[in-house]
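Following this message is one structure expressed as structure tokens.
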Amino acid sequence: QVQLVESGGGLVQFGGSLRLSCTTSGRTFSNYAMGWFRQAPGKEREFLAAISWSGRNLWYADSVKGRFTISRDNAKNTVYLQMNSLNIEDTAVYYCAADENPNRLSLGSSSFWGQGTQVTVSS
């Protein structure tokens, strides 16, 4: 089983940056595609980005393309989400997800989810 724990969330000013981390446990981490989602109050969970097990294939939602960057370090069992040019609409709980199938991951049907970390963008 894979367990995921997000960190790095917090309060940031408009236009600022944050880097989220998702640390995993489990011996099969390197074989899993990883992704990031977010959910704002009153809204459905939204796909943001995904990365293949090798790190050579990346997927981004149009809403964050050019501002957010996903990466992974398999040696550290960690996936990252670098978020730049943050605005108020980026305020949400951010979740890390993992699945052997990157397509299933992007659809929000991941096998494993983290507990979420709050990101709040202030004016």
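Here the structure is a predicted model, which means the values were calculated and not measured. Throughout, residue positions are numbered sequentially from 1 according to the sequence presented.
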Sub-3.5 Å donor-acceptor pair from the side chain of Y60 to the main-chain atoms of I70, do we have one?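 Such a contact is found between Y60 side chain and I70 backbone.
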
Flag, side chain of E46 to backbone of R38, donor-acceptor distance under 3.5 Å: no

Check: S7 main-chain N/O paired with S21 side-chain donor or acceptor under 3.5 Å: no

According to a 4.5 Å side-chain heavy-atom criterion applied to Ile, Leu, Val, Met, Phe, Trp and Tyr, with indirect links allowed, do V2 and I51 form part of one hydrophobic cluster? yes

Measure the CE-CG distance between M34 and L4 for me, rounded to the nearest 0.5 Å.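 Going from CE on M34 over to CG on L4, the span is 4.5 Å.
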
Starting from V64, can I reach L58 by hopping between I/L/V/M/F/W/Y residues whose side chains sit under 4.5 Å apart?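 They do share one cluster, since a chain of ILVMFWY contacts under 4.5 Å joins L58 to V64.
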
Is there a donor-acceptor pair closer than 3.5 Å between any side-chain N or O of D99 and the backbone N or O of S111? yes

Ignoring hydrogens and angles, tell me if any N or O in the side chain of N74 forms a donor-acceptor pair with the backbone of W53 under 3.5 Å. yes

Cluster link W59 to L48, ILVMFWY, side chain under 4.5 Å: no

What distance separates N77 CG from Q3 CD, expressed to the nearest 0.5 Å? 12.5 Å

Quick check: do Q118 and T91 have side-chain heavy atoms less than 4.5 Å from each other?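 In short, these two side chains touch, coming nearer than 4.5 Å.
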
Could you check if a side-chain atom of N87 sits within less than 4.5 angstrom of a side-chain atom of F14, using non-hydrogen atoms only? yes

Measure from the side-chain N and O atoms of E6 to the backbone N and O of C96, and report whether any donor-acceptor pair falls under 3.5 Å.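 At least one qualifying donor-acceptor pair exists.
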
Using modelled atom types only, decide if a donor and an acceptor are shared between the side chain of Q39 and the backbone of A92 within a distance under 3.5 Å.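 Such a contact is absent between Q39 side chain and A92 backbone.
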
Would you mind telling me which of F68, Y95, Y94, F47 makes a ring-ring contact (aromatic ring centres under 6.0 Å, His included) with F37?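 In the set F68, Y95, Y94, F47, the residue that makes a ring-ring contact (aromatic ring centres under 6.0 Å, His included) with F37 is F47.
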
Hey, quick one: are W36 and V121 part of the same hydrophobic cluster, counting side-chain heavy atoms closer than 4.5 Å, chains of contacts allowed? yes

When clusters are formed by joining ILVMFWY residues with side-chain heavy atoms under 4.5 Å apart, either directly or through shared neighbours, do V79 and L81 land in the same one?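 Hydrophobic grouping puts V79 with L81.
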
Applying side chain to side chain contact (heavy atoms under 4.5 Å, CB included), run through M83 and R67 and close with a yes or a no. CA-CA 6 Å; M83 306 185 295; R67 296 192 300 126; over 6 Å; no

V119 vs L20, side chain to side chain contact (heavy atoms under 4.5 Å, CB included): CA-CA, chis, key distance, verdict: CA-CA 9 Å; V119 172; L20 305 182; 4.0 Å; yes

Expected output: side-chain T23 to main-chain T78 donor-acceptor under 3.5 Å: no

